[in-house]
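Remarks on the structure that follows.
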Amino acid sequence: MSTEEELHAIDLLGRVPYGRLATSMRALPFLTVARHVVIDGRVVLRMHSGLGYHDACNGTVVAYGADNFNAATSAGSRDLWSVQFTGPAQTVEPTLAQRELFGPTPVEVNGEPFTPAFLRLDPHFVTVHTLDFHATRQGVQHSVI
């Protein structure tokens, strides 16, 4: 990663612990939650292996997105952002030190014991979207014809 937008996206991604992974399985789209860290410029995801989503993602192009929507609105912030990373994903086995970067693991997912699976996303496309609510722009009326 080297462009200014890519570096900005990585910085923003580090501000939230979870995001959403999107791809398709058996020709149907799905979205699932994952924990993320950045290792050597790549996004590494931890998810529950019991759902099989990591197998569906292995060797395919996926999109991973994260945002501050919930955190910002509950904290009263008026500046919202979202980032999206798109590229090929591959299952990986992180080192113990890399696993520790993820923090505590969940105990259960849908009532079954959490068993981690890890994916590495090599981002080919990175986007950042912001929603700014600055005071100077509030109260501007737009006419509807």
Side-chain angles (χ1 to χ4, degrees), residues 1-138 140 142:
M1 300 214 155
S2 58
T3 71
E4 189 173 324
E5 184 173 45
E6 290 169 337
L7 295 173
H8 183 56
I10 289 293
D11 176 58
L12 292 172
L13 189 65
R15 298 179 189 186
V16 295
Y18 288 90
R20 291 165 231 50
L21 176 68
T23 194
S24 63
M25 185 164 57
R26 294 185 292 276
L28 296 172
F30 75 85
L31 191 64
T32 189
V33 68
R35 173 75 168 95
H36 59 260
V37 297
V38 177
I39 300 171
D40 297 328
R42 293 187 173 126
V43 179
V44 180
L45 307 174
R46 180 185 71 192
M47 63 184 55
H48 177 52
S49 66
L51 302 173
Y53 294 155
H54 65 292
D55 288 331
C57 295
N58 189 32
T60 67
V61 173
V62 302
Y64 184 71
D67 58 60
N68 73 335
F69 298 166
N70 288 336
T73 55
S74 64
S77 175
R78 305 245 347 166
D79 294 321
L80 306 176
W81 56 262
S82 70
V83 295
Q84 181 173 308
F85 300 84
T86 305
Q90 190 170 24
T91 56
V92 293
E93 195 57 46
T95 66
L96 182 58
Q98 291 170 337
R99 283 176 176 246
E100 290 175 356
L101 296 173
F102 287 98
T105 60
V107 175
E108 293 182 340
V109 173
N110 298 335
E112 66 177 63
F114 179 82
T115 305
F118 299 91
L119 286 173
R120 181 182 65 223
L121 170 58
D122 184 14
H124 289 200
F125 301 102
V126 177
T127 55
V128 175
H129 296 287
T130 58
L131 298 169
D132 296 322
F133 297 92
H134 296 285
T136 57
R137 295 184 191 165
Q138 290 181 356
V140 175
H142 297 280

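The figures here come from the full heavy-atom set of this structure, side chains too, leaving out hydrogens, waters and symmetry mates.
Of all non-hydrogen atoms in R20 and D67, the two that sit nearest each other are NH2-OD2, 2.9 Å. Nearest heavy atoms, Q84 versus A63: NE2-CB, 4.0 Å. Across every non-hydrogen atom of G103 and R46, the tightest pair is O-NH1, 3.2 Å. Looking at every heavy atom in both residues, H54 comes nearest to S49 through CE1-O, 3.3 Å. Across H36 and V43, no two heavy atoms sit closer than the pair CB-CG1, 4.1 Å. Between G87 and L121, the shortest heavy-atom distance links the atoms O-CD1, 3.2 Å.
Residues satisfying the ring-ring contact (aromatic ring centres under 6.0 Å, His included) criterion with Y18, sequence neighbours excluded, are absent altogether. Listed by chain and number, the residues in a side-chain contact (heavy atoms from CB on, under 4.5 Å) with A34 are L45, M47, Y64 (sequence neighbours excluded).
To the nearest 0.5 Å, atoms CG (D40) and CG (D122) are separated by 11.5 Å. Atom CD of E6 sits about 8.5 Å away from atom CZ of F85, to the nearest 0.5 Å. Here the straight-line distance linking atom CG of L51 with atom CG of N110 works out to 6.0 Å at 0.5 Å rounding. Put simply, CG on L131 and CG on D79 are 9.5 Å apart, with the number rounded to the nearest 0.5 Å. Considering CG of L101 and CZ of R35, their distance stands at 8.5 Å, rounded to 0.5 Å. For the atom pair L119 CG and Y53 OH, the distance stands at 13.5 Å (nearest 0.5 Å).
Residues Q90 and N58 meet the side-chain proximity criterion, which asks for heavy atoms closer than 4.5 Å. Within the 4.5 Å cutoff, the side chain of R15 has heavy atoms near those of the W81 side chain.
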Original post:
Between H8 and V126, does a side chain to side chain contact (heavy atoms under 4.5 Å, CB included) hold up when you go through it step by step?
Top reply: CA-CA 10 Å; H8 183 56; V126 177; over 6 Å; no

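Of the residues listed (N68, V16, L13, D11), the one engaging V83 in a side chain to side chain contact (heavy atoms under 4.5 Å, CB included) is L13, and it is the only one.
Sorted by first and then second residue, the salt bridge (charged side-chain N to carboxylate O under 4.0 Å, His left out) pairs involving residues 94-121 (not counting sequence neighbours) are E93-R99.
Within 6.0 Å of atom CZ in F125, 12 or fewer heavy atoms from other residues, nucleotides or ligands are found, so the atom counts as exposed in its surroundings.
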